2 protein chains.
Amino acid sequence: MAETGTQGTTRGTSGTAAHRDRPPTIRDVAELAGVATSTVSRALARPDRVNPRTRIRIEEAAAELNYVPSSQARGLSSGRTNAVAVLVPDITNPFYFDIIRGTQHQLKAAGVTQLLVDTEESSEMELDALHKMRKSADGFILAASRLTDAQLAEVSQSQPLVTFNRASTSAPTVMIDTPSAIIQALEHLASLGHHKVCYVAGPPTSWSNQMRWKVFEEDATKRGMEVHRIGPYTPKTTSGAAAADAAVRTGATACIVFNDLLAIGMLQRLKARGIRVPEDMSIVGSDDIFGADFCNPPLTTISSPIEQAGRVAVSMLLAQLNPLSGSATRQLAVMPTHLTIRESTGPAPR
Amino acid sequence: MAETGTQGTTRGTSGTAAHRDRPPTIRDVAELAGVATSTVSRALARPDRVNPRTRIRIEEAAAELNYVPSSQARGLSSGRTNAVAVLVPDITNPFYFDIIRGTQHQLKAAGVTQLLVDTEESSEMELDALHKMRKSADGFILAASRLTDAQLAEVSQSQPLVTFNRASTSAPTVMIDTPSAIIQALEHLASLGHHKVCYVAGPPTSWSNQMRWKVFEEDATKRGMEVHRIGPYTPKTTSGAAAADAAVRTGATACIVFNDLLAIGMLQRLKARGIRVPEDMSIVGSDDIFGADFCNPPLTTISSPIEQAGRVAVSMLLAQLNPLSGSATRQLAVMPTHLTIRESTGPAPR
DNA sequence: CAACTTTTGGCAACCGCTTGCCATTTGTGT
DNA sequence: ACACAAATGGCAAGCGGTTGCCAAAAGTTG
């Protein structure tokens, strides 16, 4: 302290300043600004906790040194990592890319790092990641989680998370309005005169798959349609061939398919077999992924603001992490859906 | 300081151990195993540095406590973060999906966390990320970097990185064999009788765009073809319409397009305008992204093992980070390419 | 101007783990 | 059994921040 006065003149001591060797630490900034590290820390974290004049001095010093606080160190002492992990079952699937894009955007806006994890459709990997990363992420977003209700409940007990397309009573959830979507699709098919419909199932552990089938069966039955179900199939285009063949065998004239990937695969197979879409068979996909608009024929599918869903998920998670004043955090967000009618559906063959 | 001793005993206050409240630290493990934390640290990091018996004891303790070391703390003291940042210009672009998938796989295999960053085609954001994350990532993978040579050189000086599809003398690079690919494509077009060809350009700051054009011009000229060039266009399907219209105006009978996204967009526009592909115009894309095989017509395109490129990039980066015995780290990897001929190319119209 | 309240900034103790250095043990050769 | 080398484990000093607590400084009030 006594030397502060001197220091003003000192300046030259260090000779040429700003050696670009090692990244500057908070200490360097403190030194340059002539204050203690704690003050620097405060100036940056809670600006009104320090005198405006010193704050400015510190800010200038920081700017000059091009100081960037180490998130590592910060995390260690503050207990927060400023990172959020996003777990998806399959990075390969374009559907999740929309989600990822959404989360990425929103997280970046909040200055939070995104840790992307591919769980490869496996609940073990999911649990493992959840466990391994509990110290390195402040929260998790589980897209289409494959965990059981019990597992989910347990996990959500110990770490903040929000699920996407996976209902849960224990954690905030954002999901797309599947029931309404399926009903819209059936309505559409019914109006085209279809009586025999088939649901092409995806992964049994997928909650949304279960929901879709449930609603499909209920509503189709209510309409007096003949309902079939085939599957489960891995939700990839490559499974489409098998699915298409099976679908044809059921005698159904229209299929609602678990997702677009599978649907597009079916389209390819049907074309190869010379079965015309939609003349001989109508196909409805789900998710409206990249490609659904330019495949052949363009796919009628269930659209939903997926990217926005990602954003919402992040918002909900962040709200959970920083409990703001008053307002209880929202526990459920349902994204609207609508049927995008393109060219893979048409009048039932007679 | 004097009280430290007291504190040592205080610990027990909590009575029953292993409360599942807070995640266990290295201290808990040490205590359970009856050793010092340093020993635990070693047992886990360099197993042969401790006695096998104690190591086992420690491992058991760790297992019982379900101990996972804090990567934060580890990073702080060791100076390594065990994370690698992957910067892509546009998360939206399926081309990068493949890269990301590749890097993700390889990184996971190495136990390294992937930090995904979307730089939105902006060199500023790229620099910014590079700067902000220098403390939180051990290295960087720059996919299709938009940085200038000078910037790249400077950055690579201070942090380990490898570039993908962006030549650089200052950093290891993995790229796809563009020249050969373009030549293959021109050969293909020539054999179909095309004489007037057009290159549809992508982002001017894209190195691979520049390369493609360069080789295109050289080789096409050498073949005595009439060469056109249009663009630049943003590499998205939505830019395809403008590109298609411009391409038609050039009078060319075949186009080689910067990437598949743009090419698919052109396909859509051409179809809308009633211009038949490939009868009236042939289109060759590049990258063979998801969707290129099922668009209408399926796109003839330049394929390359993109996912593998991502893997290789990671390997090169990791090699750079852990300079192993002897073998100098590879500075350049060139991924092979081949022309995947589908249905968007055909004989030149007469 | 004294008495008292606010501001402001420094001190020092962590956060959880790594690592250089040193004291013990244990093992080896004769 | 003895001298000496190798193996093993603990101590303590950080890594780069954050934060509770306290003292000095500045501002208020009558």
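Quick caveat: nothing in here was measured; it's all calculated off a predicted structure. Every chain is numbered from 1, with letters handed out A, B, ... down the list of sequences.
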Can you find a donor-acceptor pair, distance only, under 3.5 Å between R74(B) side chain and dG16(C) base? no
How long is the line joining CD1 of I26(B) and P of dC15(C), in whole Å? 14 Å
From CZ of R53(A) across to P of dA26(D) the rounded distance in Å is 9 Å
Grab the CZ-C1' distance between R80(B) and dC17(C) for me, whole Å please. 15 Å
Short side-chain N/O contact to dT19(D) OP1/OP2 from S78(A), under 4.0 Å: no
Report yes if at least one side-chain N or O of K135(B) is closer than 4.0 Å to OP1 or OP2 of dC15(D); otherwise report no. no
Contact under 4.0 Å: R27(A) side-chain N or O vs dC15(D) OP1/OP2: yes
Pairwise 5' ranking along DNA chain D for V50(B) and Q72(A), keeping only the more 5' one: V50(B)
Ranking dG9(D), dG10(D), dC17(C) by distance to the side chain of A36(B), first place goes to dG10(D)
How is A73(A) classified with respect to the nucleic acid when contacts are heavy atoms under 4.0 Å: base, sugar-phosphate, or nothing? base
Side-chain contact, heavy-atom cut-off 4.5 Å: E59(A) with V29(A)? no
What are the two closest heavy atoms between V88(A) and A143(A), and how far apart are they? CG1-CB, 4.0 Å
Just how far is it from atom CD1 of I141(B) to atom CG of L161(B), taken to the nearest 0.5 Å? 9.5 Å
Could you check V35(B) against S77(B) and say which one's nearest nucleotide on DNA chain D is further toward the 5' end? V35(B)
Measure from CG on N82(A) to C1' on dG16(D) and round the result to the nearest Å. 15 Å
So for S38(A) and dC11(C), does any side-chain atom that can act as donor or acceptor lie under 3.5 Å from a complementary atom in the base? yes
Under 3.5 Å, is there an N or O donor on one side and an acceptor on the other linking the side chain of S70(B) and the base of dC17(C)? no
Is there a donor-acceptor contact under 3.5 Å from the side chain of S77(A) to the main chain of A73(A)? yes
Grab the CG-P distance between L76(A) and dC15(D) for me, whole Å please. 13 Å
What integer distance in Å separates I58(B):CD1 from dT18(C):P? 12 Å
Under-4.0 Å side-chain N/O to phosphate OP1/OP2 contact, T54(B) with dG9(D): yes
Would you indicate, yes or no, if dT18(D) has its OP1 or OP2 atom less than 4.0 angstrom from a side-chain nitrogen or oxygen of S41(A)? yes
Please tell me if the side chains of Q72(B) and K135(A) come closer than 4.5 Å, counting only heavy atoms from C-beta onward. no
Give a yes/no on whether any side-chain N or O of T39(A) is located under 4.0 angstrom from OP1 or OP2 of dG10(C). yes
Does any N or O in the side chain of R49(A) come within less than 3.5 Å of the main-chain N or O of T39(A), such that one atom is a donor and the other an acceptor? no
Return yes if the base of dG20(C) and the side-chain atoms of R42(B) contain a donor-acceptor N/O pair under 3.5 Å, otherwise no. yes
To the nearest angstrom, the CG-P distance between L44(B) and dT18(C) comes to 8 Å
Nearest-Å distance for atom pair CD/C1', residues E31(A) and dG16(D): 15 Å
